[in-house]
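Inspection log for the structure reproduced underneath, given as structure tokens.
What's counted below: heavy atoms across the whole structure, side chains too, no hydrogens, waters or symmetry copies. Within every chain, numbering begins at 1; the chains are lettered A, B, ... in the order of the sequence lines, protein sequences first and strands thereafter.
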Amino acid sequence: MQTQPSRSISSPRVVDVLLPVALDHAYSYRVPAGRELQPGDVVSVPLGAREVIGVVWADNPNPDPRLHNRLKDISEKLDLPPLRPELRSLVDWVANYTLAPRGMVLRMTLRMGELGPERVRPGVRLTGPAPRRLTPARRRLLDILADGLLHGKAEAAQEAGCSPSVIDGLVDEGTLTVEPLPRPPAPPPPDPAFAQPDFSPEQRAAADQLRGLAAGGFQVALLDGVTGSGKTEVYFEAVAEVLRRGEQVLILMPEIALTGQFLDRFAARFGVRPLEWHSELTPRTRARNFAAITDGTAPVVVGARSALFLPYARLGLIVVDEEHDQAYKQEDGAHYHARDMAVVRGSIAKIPVVLASATPSVETEVNARKGRYQRVPLPNRFGGQHMPQIEAIDLRQEGPGRGRFIAPRLAEQIGFAIERREQALLFLNRRGYAPLTLCRACGHRFACTICDAWLVDHRFRQRLVCHHCGFSIPRPQSCPHCAAENSLVAVGPGVERLQEEAASLFPQARTMVLSSDLISSIETMRSELNEIAEGRVDIIIGTQLVAKGHNFPRLNLVGVVDADLGLGNGDPRAAERTFQLLNQVIGRAGREQGRGVGFLQTHQPEHPVMKALVACDRAAFYASEIEMRERTGYPPFGRLASLIISAGDRPTAEGFARKLVALAPIDERIKLLGPAEAPLAVIKGRYRFRLLLKAPRNVDLSGYLRHWLAAAPKVSGTLKLEVDVDPQSFL
DNA sequence: AGCGACGTATAC
DNA sequence: TATACGTCGCTA
């Protein structure tokens, strides 16, 4: 006998496997003899008492000697395409950037669901003699099955208006037989030539520009189109271009609620609906869709932010629709902003990225101004329509009377709209009847016992509700503090109170409130939207809910009841958010008839948000926001990380925070604030200090933190350190 | 992330 | 004294 090859005599091959758990480092496993494994292969390995799925990250020729006797074997290699090198780089990059354990980022790419056996649906066919006893239900059923063809069991029962047990009875008697239904044929792929769009010259130019970008290579385009300019149809041309090349397209959407009509528009252009990916898929659909994504049989995927990290077979384009939307921020588990990580994925995979918005985020606007992103403008509404004309109503000069919230000028315009048989929308981003209830006798204010926020009066539900934590009490009849009767007054407006006022101003008008807490189900919502679309409502009173989707064809007037709401708090993004929200709400007006009007009730008509909206001057608004950021040091680019130190007593926490600051490595690019600048908070009896770190995007913040914390004194049991990042300010 | 170990508050 | 729940540390 020949001697064995040296390979089998020497120690077995060892690979590092990244596991989808909260671990930053890959674990080493032995490769069973005779098995070939490459980096990227998806494997199953033992971890503690269980089996987990992981990904071979790298070969490990010299594993840690301390592990030699503890190494376990890889159990099996799964029958899945290996993770491509660019996706593995993305996982490493994102983990490092977001300060999240690499395993948690990997977890987002392996959301494959349960790949159980495919369910076979039962079919039923008429094969035997008629039954002895013929009931009406059986007769209807036999009429339907008279053709002798195979029918779906559930469908046949439904068509006959009987329960499936009627079929079971006939099967027992030998009249019918059950056969498995053949699997429905896979839907045809989206057809780039299904319907050619009818573009204006402007849209055609934008589409051509995007098609050029889609030709390949990493580049970011900002499709900068006002509401109603047909952005979606324009970027569909880039999608078509990539489909013709046989590559996959990912279209990210801020939330799933929007996708219903989006899917229809997609089908109108490409003949079929695209594949969906979001958190509410059933496990089986998830598994099916995951397989179609990994093997490339799904050419187009429309998904929420979690769709970004999936292992596409050959991704050729990423579109981020409504790129400014806050829903792209993920704030639990790994903290990231999907729009920015989409740009990163595009850059690593060398594919183009399209960001679309009518009101781009300041970050994206700055990138476009600096030429890092290519701007593709679409400045006019489709079909020669005009943007709504916007006027401010200065509440200091022409406000409504005490306890009223609709200014006379706005009320007058609503009256005209109703006379013209058009609709009006009153927008107020505040649920319930009134944000505050107080006792006229003793001044008692109703606040939440848990979080100190005011309790919001909900007359419809007859409760006072905390909008922070959900705590609620029945609406009291008398003051619990001084026992006075009939002394409680509602302060400030909510949508329910606004409806009351609208009804008293226009007794003949039909009003409807659209507010998330008054909508029990998607069906209710749909039927209410139908009522509006059919013109059975004159005045719509709505919260944030009305800002998105759904066209109201007869809506030509939008009144923003409190345009200043949301500008008050200390949020550095308040102005930007308000601008985006109000732009979107007012954009609801005049979409069909092209003569919309918007009114902004405000106490500060000189505020940049109001001026920009009234003058339709976005550029001036961005200039003021960029200037504000430079002045305050709130970065348009870079990360805001915080190191949270908490302890049971104040001296321990503060002492440790000061020690840490003294030990911080010196890097002029990283600004460290605190603990004096970031005051202490007491949460659940623990004292918390937040040290803020501002770092430009190109600094290795994670390496900096590693060095820093390695130098810090060992944290004892009562002290806790957490690292947190603000994903909104990435890139 | 799971999972067991341990500790403390709480029920019986 | 038994049990529930919270927090910590480990997984190769």
Pair A:His444-A:Phe446, ring pair (Phe, Tyr, Trp, His ring centres under 6.0 Å): steps then yes or no: CA-CA 7 Å; A:His444 175 73; A:Phe446 287 82; 4.9 Å; yes
Heavy-atom pair with the smallest gap, counting every atom of A:Ala657 and A:Leu691: O-CD1, 4.3 Å
Where A:Asp321 and A:Tyr328 come nearest, the two heavy atoms and their spacing: O-OH, 2.5 Å
Residue pairs involving residues 37-47 of chain A (criterion side-chain hydrogen bond (donor to acceptor under 3.5 Å, both in side chains); sequence neighbours excluded): A:Ser44-A:Glu51
Below 3.5 Å between N/O atoms, which protein atoms pair up with nucleotides 4-6 of chain B? Just atom names and distances, please.
none

Name the pairs: protein N/O against N/O of nucleotides 10-12 of chain C, kept only if under 3.5 Å.
from   : atom 1 : to      : atom 2 : distance (Å)
C:dT11 : OP1    : A:Arg70 : NH1    : 3.2
C:dT11 : O3'    : A:Gly48 : N      : 3.3
C:dA12 : OP1    : A:Gly48 : N      : 3.3
C:dA12 : OP1    : A:Lys72 : NZ     : 2.2
C:dA12 : O3'    : A:Ser28 : O      : 3.1
C:dA12 : O3'    : A:Lys72 : N      : 2.8
C:dA12 : N3     : A:Ser28 : N      : 3.3

Whole angstrom value for the distance that separates P of B:dA1 from CD1 of A:Ile53: 17 Å
Taking every non-hydrogen atom, the tightest pair across A:Glu76 and A:Arg35: CA-NH1, 3.8 Å
Heavy-atom closest contact (A:Leu18 atom, A:Ala26 atom, distance): N-CB, 3.9 Å
Lys/Arg cation over aromatic A:Trp93: A:Arg345, 6.0 Å, 45° cone: no
Inter-residue atom distance A:Leu106.CG - A:Leu19.CG, 0.5 Å rounding: 8.0 Å
